[in-house]
Amino acid sequence: MSIYTLLGRSGEARRGRLSTRRGAIETPCFMPVGTRGTVKAMSPAELEELGAEIILGNTYHLFLRPGLDIIRAAGGLHPFSNWKRPILTDSGGFQVFSLAGLRKLEADGVRFASHIDGSRFFLGPVESMNIQRTLDSDIVMAFDECTPYPATWEEARKSLEITSRWERMSREQPLNDGQIRFGIVQGSTYADLRERSAREIVDIGFDGYAVGGVSVGESEPEMLAAVEAAVPFLPQEAPRYLMGVGTPRQIIESVARGIDMFDCVMPTRLGRHGTAFVGDGATLPVKAGRFAKDFTPIDPECGCYACRNFTRAYIRHLFNVGEILGVRLVTIHNLHYFLTLMRRIRTAIEVGSFEELRARFTV
RNA sequence: GGUGGGAUUCCCGAGUGGCUAAAGGGGGCAGACUGUAAAUCUGCUGGCUCCGCCUUCGGUGGUUCGAAUCCACCUCCCACCA
């Protein structure tokens, strides 16, 4: 039985449903990032109210803290965090990239020096799968090497080969009942390598496929070209996930190229830093001094809790004095923005107005 | 009334003859952020016709080649003594 049901399409854009043991997810979808077992500043109840159907967790971070003993004793990440809907856990492959200065690549994985206290530990496909089993997430990501940017063709090829090897090892590890596993395509900005990686990963065989190694510093055209190069080699009947992307326009452009799932820290991080998403992908620096006496909501058109109840002037004040409510309100607004964007995209594909919607996102 | 201490750029506060438009902090302003080492980080913060010039360190007047820094007087503030 397939985990992915195609419900409709508009060109390459797909409207679908992803089935997990903790419920279905309507796609295209956006997954808020909860690296350390919490979507920063949000309670599970708030996330549910915002309409988040699935969130992310992270293998590397949760392995370090609180550690497997505590997660195991709690009965997994779900009971530990009281989030009842699906969780996708990243494998730690992104930390191979983001913590490049603190690790050493080896044949069967990566030797890390903890970014917290410098203590050494080893994380490879076997370890990552083991940790994700303990976390008991619903979607497990294969362990990959997120290729840095820029990379020469030769470097990208070598990195891709490491990833294929590690993903094959990942695939050999057992999972808990009902857990599903996604493979990750690498290949940097090289179309031929993207194709090769996609073929190899599909050949290994996963429940879903991710395009990784994007949003690592490359230009938007390069990112979209990487998607275009990989997607044709991914099976129609499996969900496709573009990792770490992105801006509203990048999301909609990727949907137009056949992507079903997204995650990005942008709404939550920018929320904490006082920048709100408005309109058709524009940003508004709410904490800016020019809003000191602006008694309108962040976005008058928005229906989120923050916009229904608070003004720019007040939220700016909260940031100005360092009150956590400011962080929370803009996070709520931004997550509402991204989740509503996905809802609009899904509806547009259903009713045949996707290209119309897409054309509006020019920022 | 007396004695002592003090007044520095938006604020606090260093600086006691040239290396000082003046440390540091705060505040303010701007920018960055894409599978989160991030409620973080970076830059700017006297003016201008801006590779140079002008104005500024309570006020006025001196000393000196040169003063925020030394001297005199004045104004205000603080502490203690009457």
Undergrad: For atom C1', what is the distance between U45(B) and A23(B), given to the nearest Å?
TA: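 The answer is 16 Å between these two C1' atoms.
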Undergrad: Within the 4.0 Å heavy-atom criterion, would you say A288(A) contacts the bases, only the backbone, or no part of the nucleic acid?
TA: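 Counting heavy atoms under 4.0 Å across all strands, the contact made by A288(A) is with sugar-phosphate only.
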Undergrad: Do the side chain of N58(A) and the base of G35(B) come within less than 3.5 angstrom through a donor-acceptor pair of N or O atoms?
TA: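 A donor-acceptor contact between them is absent.
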Undergrad: Go ahead and name the base partner of U42(B); Watson-Crick or wobble counts if both distances stay under 3.5 Å, otherwise write none.
TA: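 Matched U42(B) with A30(B) under the 3.5 Å cut-off.
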Undergrad: How is D90(A) classified with respect to the nucleic acid when contacts are heavy atoms under 4.0 Å: base, sugar-phosphate, or nothing?
TA: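 Here D90(A) touches the bases of the nucleic acid.
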Undergrad: If we take the C1' atom in both U63(B) and C73(B), what is their distance in whole Å?
TA: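 To the nearest whole Å, 15 Å.
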Undergrad: If you look at every strand shown and take non-hydrogen atoms under 4.0 Å, does G34(A) touch a base, only sugar-phosphate, or nothing?
TA: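 Nothing: the residue G34(A), judged by heavy atoms under 4.0 Å, touches no strand.
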Undergrad: Looking at S215(A), I'd like to know whether one of its side-chain N or O atoms comes within less than 4.0 Å of OP1 or OP2 on U34(B).
TA: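 No, outside the criterion.
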Undergrad: Counting Watson-Crick and G-U wobble pairs only, both distances under 3.5 Å, name the nucleotide matched with C53(B), or none.
TA: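 Base-paired to G47(B).
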Undergrad: With hydrophobic residues grouped by side-chain heavy-atom distances under 4.5 Å, do V202(A) and I139(A) end up in a single group?
TA: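 No: no chain of side-chain contacts under 4.5 Å links V202(A) to I139(A).
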Undergrad: Answer yes or no: is there an ion pair linking E53(A) with R85(A), defined by an N-O contact shorter than 4.0 Å?
TA: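 Result for this pair is no, no salt bridge flagged.
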Undergrad: Using the salt bridge (charged side-chain N to carboxylate O under 4.0 Å, His left out) rule, pick out the option among R17(A), R14(A), R343(A) that qualifies with E26(A).
TA: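 Passing option: R17(A).
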Undergrad: So, is Q95(A) near the phosphate of A37(B), with a side-chain N or O under 4.0 Å from OP1 or OP2?
TA: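 It does, given that an N or O in the side chain of Q95(A) lies less than 4.0 Å from OP1 or OP2 of A37(B).
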Undergrad: Considering only the P atoms, how many Å lie between U75(B) and G59(B), rounded to the nearest integer?
TA: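 Roughly 15 Å separates the two P atoms.
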Undergrad: At less than 4.0 Å, is any side-chain N or O atom of S91(A) found next to OP1 or OP2 of G35(B)? Yes or no.
TA: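 For S91(A), the contact criterion (side-chain N or O under 4.0 Å from OP1 or OP2 of G35(B)) is not met.
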Undergrad: Of the nucleotides G35(B), C33(B), A37(B), which one has an atom closest to the side chain of T275(A)?
TA: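 Minimum distance to the T275(A) side chain belongs to C33(B).
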Undergrad: Any chance the side chains of Y60(A) and H115(A) put a donor and an acceptor closer than 3.5 Å?
TA: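 Yes, a side-chain donor-acceptor pair sits under 3.5 Å.
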Undergrad: Give me the distance, rounded to whole Å, that separates G35(B) from G31(B) when you measure between the C1' atoms they each carry.
TA: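 One C1' to the other, the span is 25 Å.
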Undergrad: Could you check whether E253(A) gets within reach of a base, just the sugar-phosphate, or nothing at all, counting any heavy atom under 4.0 Å?
TA: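 Contact class for E253(A): none.
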Undergrad: Please measure how far the C1' atom in A21(B) lies from the corresponding atom in U8(B), and state the result in whole Å.
TA: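 Those two atoms are separated by 12 Å.
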Undergrad: Quick check: any donor-acceptor pair below 3.5 Å linking the side-chain of T268(A) to the base of U36(B)?
TA: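 Between U36(B) and T268(A), which were checked side chain against base, a qualifying N/O pair under 3.5 Å is present.
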Undergrad: Does OP1 or OP2 of U40(B) have a side-chain N or O of R272(A) closer than 4.0 Å?
TA: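 No, no such contact exists.
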Undergrad: Quickly work out the K287(A) NZ to A38(B) C1' distance and round it to whole Å.
TA: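 One finds 12 Å between C1' of A38(B) and NZ of K287(A), rounded.
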Undergrad: Would you indicate what I116(A) reaches in the nucleic acid, counting non-hydrogen atoms under 4.0 angstrom: base, sugar-phosphate, or nothing?
TA: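 Result for I116(A) = nothing.
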Undergrad: Taking only the P atom of each, what is the distance from G13(B) to U20(B) in whole angstrom?
TA: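 Comparing P positions in G13(B) and U20(B) gives a spacing of 23 Å.
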Undergrad: Can you establish whether the number of heavy atoms outside I324(A) located under 6.0 Å from its atom CD1 is more than 12?
TA: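 For I324(A), atom CD1 is not crowded (no more than 12 foreign heavy atoms under 6.0 Å).
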Undergrad: Using a 5.5 Å cut-off between ring centres and planes within 30 degrees, is H273(A) stacked on the base of U40(B)?
TA: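 So yes, this residue stacks on that base, both cut-offs being met.
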Undergrad: Any chain of hydrophobic side-chain contacts (each under 4.5 Å) joining F80(A) to I131(A)?
TA: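 Yes, F80(A) connects to I131(A) through the hydrophobic network.
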Undergrad: Looking across every strand, which nucleic acid part, if any, lies under 4.0 Å from L56(A) by heavy atom: base, sugar-phosphate, or nothing?
TA: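 Result for L56(A) = sugar-phosphate.
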Undergrad: Classify G246(A) by what it touches in the nucleic acid, base, sugar-phosphate, or nothing, heavy-atom distance under 4.0 Å.
TA: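 Base contact.
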